[in-house]
Amino acid sequence: MVATPEMLARQAVAFASAKLAEREAVFAAGTLAREAGDFAFGKVSHDAIASVISEAQERGELVPRIFRDRRGTEYAGFTTPRAIEIERTMLRIEAAGRNMLQPLASPMGAARTVERAARQSARAGFAWTEDQKRSTADLLVSRDRVIAVQGYAGTAKTTTVLATYACEAERRGLTVTALAPTASAATVLGEALGRRGDTVARHLLTPEARMTGKDAVWIVDEASLLSAHDMARLMAGADKAGARLVLVGDVRQLGSVGAGAAFAQLQQAGMATTRLAEIVRQTNAEAREAVLASIEGHAGKALAALERGGGKVIEAATQDERLRALAREYVAMAPAERARTLVIEPSRDGCDRLTGLIRGQLVGRGELSADAVRFTALEPKGLTRAEAREAASYAVGDVVRFNRDYAGRSVSRGEALRISAVDPERGRIGLEDGRGRPIDWHPRQWGAGTVEVFEPRPMELRTGDRVQLTRNDREQGRVNGLGGTVTGIEPGTASATLKLANGREQRLDLTDARDCHLRHSWVQTVYAAQGQTAERVLIHADSRSTNLVDQKLLYVAVSRARSEAIVVTDDRERLVRAVYERAGEKQTAMTASDVRKTKALGAALG
DNA sequence: TTATTATA
C-alpha cells in the first residue's frame, strides 16, 4: 500500500508531536512543523503539514500554549491533552492527600526525637543546623500523605533529617523504602539510611508496591529528576499502596530529561514543603558564598567570590585554549589531589576532546600505561519512544537488545544484536545475532517498546584509566554511573580488569557486548556529576553554549566542591549575562490558572 | 539544539 501525501502528513505530525511531547510539556509550533517535515523526507509540502497541524488543533489533539525559549522569548507553541492529564493526576493526588493522616509524633514527641538525634550527632562532632532540626520535626508531625523536603546542595539533609525520620518511622511500625530515580542515587540513599535502595521504576514493579492497606513510607531522593509522567505514576502507586511519600530534592538543581518540572510544579501548587537553606558542605567561606550566589543565578557575585578565595576564574577566547587550560590545571595536580577533583564539561563532544587531552598528557608522564587495549564501546543512543519505532532512527552498526523474548522471531531477551541493514522507507531493519543469523525487524510492529539501542564507539583502555559503567546489569552487580579504575589490560585477549568504586574487582571481556558499556570518567557532564561531592571542581562554562550553560549548570557544578571551584570561560561578562538570562527551567503543560483551579479543588476536598 | 534514566 502506498501512503497518500495526506496520510504521510498526518503520520508525520503524529510522530513529531509524540517525540517532542516526551521531552517537553510545551514545544514550539515551528519545531513541530520542522520535525514533521524531516519525518516525511521532504515528500510533503509545508502547507500540507500546516493544515494537518491546524486540524489537530481544532480536534483538541494539540492544545495551544505559549512556548518560552531559554532566554524567555515567547513563541506560538502547543501542549497535548495527555501532558495536561498527567500533570492534573499528579496534582490531584497530592492535594487529596493533605491533612489525612495521623502524625508520626506529637509536637512534643518530635522535639524530643530531634533533640536526642542532634545531641548524638554533636557528640560525634557534627552540630545540627536549625534547618535540620525544624525539617525533621516538620516531617514527624505532618498529617499529609505527600510531603516535600526542598534542600539546597550540601545541606546534609540525608544524614540528619531523613536518617532520623526513617528510624522513627520504623520504630512506629512503618515499612520504610529508600528510592531514587537513578540507580546510583538510590544506592547512595540506601546506604545512608542503612537499607537497600531501589529505583522508582523498579519499585513500582515489585509486589510490595502493589500491596494495599500497609503502613509504609516511601522516601524518594533526587525527586527533581522525575518527569511529570514518572511522578504521576509514583504518586498513583503510593496512593494505591496507601504509602506516605516523602519527596526530597532541589528545584534549583537539574530537572528531568523527560517532560515537565514535577517537583517544582507540586511545590508551586502548595504541596507541604519543608525547606533547608543552610549549606554545610563547603569548608571555605568564599566557595560557600559562590554556591549561594549561583542559586540565585548571580554569576557575577559567584565568580567574584571564587576570585576572593573560593577558587579562580580563567578566561580564554577559543575552545581549544580553554580545554588546554583545564587539562593543564588538572594534570599539574598530584595524583591524590586529582582523585579528589571533578572535571565538568557540559557537552559530550567537549568531554571527549578534554578526555583526549588529559589522557594524552598522562600517557606522556607514564601515569597511564604505554600499552592499550582497543575495542568498541557501546554508548546509549538516547532515542525517544517515538523515535524507537522508526527505522530511520537507526544506523548500520548500532547494537540493540530486547528486554523480552520474542520466541516467534527467534529473539531472546538480553541478546545483543547488530544492525546490518536499514530501510527507512519500508520501516525495516536487518539484525544479526552472534552467529551471523539474520533477523528481520519491523520496529513499528514489535519490540520498539522493549528495546535498548547503542551506538558503537571506538575506545581504548590503559592501565590506570578511570572509567564509569553506563548500564545497569543486576546479575553482574553493575550500577549505571559507578566509577572504577583499570588495574590491568591484556591486549592479546582483548580483556581488562576493573576495580570498581564499591571495592569489587571485575574482569571484562571486551569482545562481549555485555562488557562494553563503559566510558572514560576523567571528565563528566553536569548530569553525571549531580549527586557527587569532591574537594575541588574544574568547570568549563562557555557562555555561547546556549543549551547547556545556565543557572543550573553553574549551581550544580560549583556546589560539588567542598573547598575550591575553578571556572574556565570564554568571556566573564557574557557568562554573567548568560546565567542571568537562562534559568534552565522546563515548562509545564498546565498554566498557573489551571493549577489554581486544581488547588481550589484540593482545598475543597481537604 | 543538547543533556539523559529507567523498566518489561
Side-chain angles (χ1 to χ4, degrees), chain A residues 19-20 22-24 27-28 30-31 34-35 38 67 69-71 75 179-187 197-206 209 220-231 233-234 237 253-260 262 344-352 379-385 387-388 401-406 411-414 446-455 468-474 478-482 517 519 523-531 540-542 544-550 552-553 556-557 582 584-586:
Chain A
K19 174 184 163 183
L20 294 171
E22 280 183 51
R23 299 285 158 89
E24 301 292 338
F27 41 86
T31 311
R34 200 195 59 231
E35 289 279 354
D38 290 351
F67 169 80
D69 76 1
R70 300 189 34 96
R71 310 173 75 158
Y75 299 89
L179 302 173
T182 66
S184 56
T187 309
D198 224 338
T199 62
V200 170
R202 257 187 66 78
H203 180 66
L204 291 176
L205 299 170
T206 61
V220 186
D221 203 0
E222 300 285 1
S224 66
L225 292 175
L226 289 167
S227 65
H229 175 256
D230 293 343
M231 184 67 92
R233 281 194 57 216
L234 170 68
Q253 291 188 57
L254 298 169
S256 58
V257 171
I344 297 175
E345 151 65 50
S347 75
R348 266 274 150 245
D349 186 53
C351 272
D352 291 346
E379 186 79 14
K381 195 144 161 152
L383 300 182
T384 60
R385 280 162 184 277
E387 286 170 315
R401 189 181 274 120
F402 298 96
N403 285 317
R404 238 194 65 186
D405 288 329
Y406 292 89
V411 165
S412 50
R413 174 197 161 139
W446 61 276
T450 77
V451 77
E452 286 178 279
V453 189
F454 305 96
E455 235 165 14
Q468 98 193 108
L469 306 176
T470 58
R471 180 173 183 265
N472 292 328
D473 189 332
R474 290 170 52 81
R478 295 179 188 163
V479 178
N480 189 3
L482 188 65
H517 298 281
R519 183 189 290 152
V523 185
Q524 321 236 5
T525 64
V526 231
Y527 279 86
Q530 178 159 313
H540 183 205
D542 179 353
R544 276 163 298 196
S545 56
T546 41
N547 287 310
L548 293 170
V549 174
D550 55 25
K552 288 177 187 296
L553 162 99
V556 172
R582 305 195 282 254
E585 303 291 350
K586 285 193 117 174

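Chain identifiers are assigned alphabetically (A, B, ...) following the order of the sequence lines, protein sequences preceding nucleic acid strands; residue numbering begins at 1 within each chain. Only this structure's heavy atoms are used, side chains among them; waters, hydrogens and symmetry mates stay out. Computed from a prediction, not measured in an experiment: that's the story for all the values here.
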Select base, sugar-phosphate, or nothing to describe what [X] touches, counting heavy atoms under 4.0 Å on all strands.
X      : answer
A/R23  : base
A/P346 : sugar-phosphate
A/G258 : nothing
A/R413 : nothing
A/A183 : sugar-phosphate
A/T182 : sugar-phosphate
A/S347 : sugar-phosphate
A/R34  : base

Listed partners of [X] passing side-chain contact (heavy atoms from CB on, under 4.5 Å), at least two apart:
X      : result
A/D352 : A/R457
A/R413 : A/D405
A/T525 : A/R348, A/C351, A/Y527, A/A528

Problem set entry | First-last contacting nucleotides on DNA chain B - partner chain A, under 4.0 angstrom, heavy atom | B/dT1 to B/dA8

For this session: Check salt bridge (Lys or Arg N to Asp or Glu O under 4.0 Å) between A/K19 and all other residues, then give those that pass, not counting sequence neighbours.
Result: A/E35, A/E387

For this session: Check ring-ring contact (aromatic ring centres under 6.0 Å, His included) between A/F402 and all other residues, then give those that pass, not counting sequence neighbours.
Result: A/Y406, A/W441, A/W446

For this session: Select from A/A528 and A/G449 the residue whose nearest nucleotide in DNA chain B is closer to the 5' end of that strand.
Result: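 The answer here is A/A528.
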
For this session: Verify the neighbour count for atom CZ of A/R233: are there more than 12 heavy atoms of other residues, nucleotides or ligands below 6.0 Å?
Result: no

